[in-house]
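Numbering of ligands and ligand atoms starts at 1, following listing order. What you see is a predicted model; the values in this text were computed from it and never measured.
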Amino acid sequence: MAEKPIQFEETVMGFLLNHQEKHHRTHHFLILMDALISAAKHIEHYYLTGTLKGNIGLSGSVNIHGEDVMRMDQIAQEITIHYLRSSGRVIHAISEESDKIIPISPDGRYFVYFDPLDGSSNVRHGLPVGFMFGVAKKDLDNRGDNHLRSGNEYIAAGMFVIPTGTFTLALKDAGTWRFHIDETMEFVRPTRMTLPENPKSWELSFNSANRYTYSERVRTWIEQNETKYAFRYVGALAADFHRTISNGGMFMYPAIVNHPDPKKNRPQGKLRLMYEAAVVSFICQEAGGSAVDERGIPILDIQPKDPHQRSTLYVGSKPLIESITRTLTLAESVVQ
Ligand code: AFP
């Protein structure tokens, strides 16, 4: 039987090199991306061997959000900081796992906002988690300008769904691309992603256990629309949103305003703006979708006041975001 010809694929670094050349940009961004990709591969290795190496338990410490930190969260944080430092291209980083802004290289060029291991509740089950990041660039003419960047100022955002070997990357005004890991542990075969226009494949994704804690207008929207679409929820934003990009539809994490235990209300939502909501919103916009918060305000327009600021999130296919925005911005008098 004839030997199957060797399949050669375009690698992510080859793709980025062409992108930089095409736009007459520098090598600095390539070095940063190489660091982020190396971090993701290293994290995936530790995740895959987590059970055998005994790394899937709690670390015994609690993060700024009052959540128990998993041992894997610490490992992913340590790995990411190592690679960002070795790149020499990052001024400071903001991470879900660090209370404070992390100073890295004073003469760096970029700010990096990341969640090293999103979906901690899936870790002990070996289920999909995410490594998510957003990148913004410093204003080279205004060295002192370290202000927190809104999503519209990001130049790139990406998410690795671990341990599936998939990487989704969005580049400012250059689209959203998906890559798959090959036998040489290279991310290859850049595939342009756009949200499917045909509602037949669309899905809704939200924590249905919370639905009675949402506002009346959100509950009404769900009742009026949920029978039209399939429903999927993994509990890790990167994994759930990975599906939304592929099948279309909407992922939402609304405000929790009617919780039987008022202490558990989250009028600002649960997700963090800079390294969760803005990351998926940037990826979604470059794939032809959009994203708003509970006020109907575009997520990418929100100027962060705090590195760990929370945000409500509705992200996905434009017609669904327009529909939920109409409901969210309806005059109070109409809702009653
Ligand atoms: P953890 O990292 O604490 O598991 O939270 C994951 C997350 O930030 C995001 O990935 C999920 O979409 C969302 O929270 C899940 O929250 P619920 O468990 O409240 O549905």
Side-chain angles (χ1 to χ4, degrees), residues 43 47 50 55-59 61-77 80 94-99 113-134 157-164 168 203-214 218 222 231-245 249-261 263-281 283-284 291 293-294 299 307-316:
I43 293 169
Y47 194 67
N55 287 324
I56 59 165
L58 290 172
S59 66
S61 64
V62 174
N63 69 18
I64 184 180
H65 315 287
E67 293 150 347
D68 293 325
V69 176
M70 307 295 289
R71 176 73 191 109
M72 269 308 302
D73 287 324
Q74 291 179 327
I75 291 171
Q77 172 79 353
T80 309
I94 290 172
S95 164
E96 184 195 46
E97 295 309 326
S98 167
D99 307 4
Y113 316 120
F114 69 97
D115 184 344
L117 204 84
D118 176 65
S120 317
S121 56
N122 285 352
V123 171
R124 77 182 84 237
H125 313 291
L127 289 170
V129 292
F131 171 34
M132 308 172 68
F133 66 87
M159 58 181 202
F160 299 86
V161 180
I162 292 169
T164 65
T168 304
E203 296 168 346
L204 291 182
S205 183
F206 60 95
N207 183 339
S208 185
N210 290 340
R211 70 165 58 208
Y212 301 105
T213 71
Y214 300 155
V218 173
I222 292 173
F231 176 81
R232 295 285 182 276
Y233 193 70
V234 177
L237 176 60
D240 284 313
F241 183 67
H242 180 97
R243 288 186 68 100
T244 308
I245 285 283
M250 178 169 67
F251 171 93
M252 56 183 167
Y253 206 106
I256 294 180
V257 291
N258 290 317
H259 198 287
D261 171 357
K263 284 197 296 305
K264 292 197 174 147
N265 277 335
R266 291 178 182 267
Q268 304 311 325
K270 174 189 180 183
L271 303 178
R272 278 59 71 158
L273 174 63
M274 295 191 76
Y275 41 81
E276 290 182 315
V279 168
V280 293
S281 301
I283 294 170
C284 194
D293 71 358
E294 199 88 6
I299 295 285
H308 302 290
Q309 177 173 328
R310 294 182 187 272
S311 176
T312 48
L313 176 66
Y314 300 83
V315 58

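Going from atom CG of L237 over to atom CG of L313 covers 7.0 Å, rounded to the nearest 0.5 Å.
Residues Y253 and N210 meet the side-chain proximity criterion, which asks for heavy atoms closer than 4.5 Å. Using a 4.5 Å heavy-atom cutoff, the side chains of I256 and K264 are not in contact. Side-chain contact between I299 and S311: present, with at least one pair of heavy atoms (C-beta onward) separated by less than 4.5 Å.
Judged by distance alone, the side chain of Y233 and the main-chain N or O of F251 form no donor-acceptor pair under 3.5 Å.
At a heavy-atom cutoff of 4.0 Å, ligand 1 is surrounded by D118, G119, S120, S121, N207, Y233, G235, A236, L237, F251, Y253, K270, L271, R272, E276.
With sequence neighbours excluded, the residues that form a salt bridge (charged side-chain N to carboxylate O under 4.0 Å, His left out) with R243 are E203.
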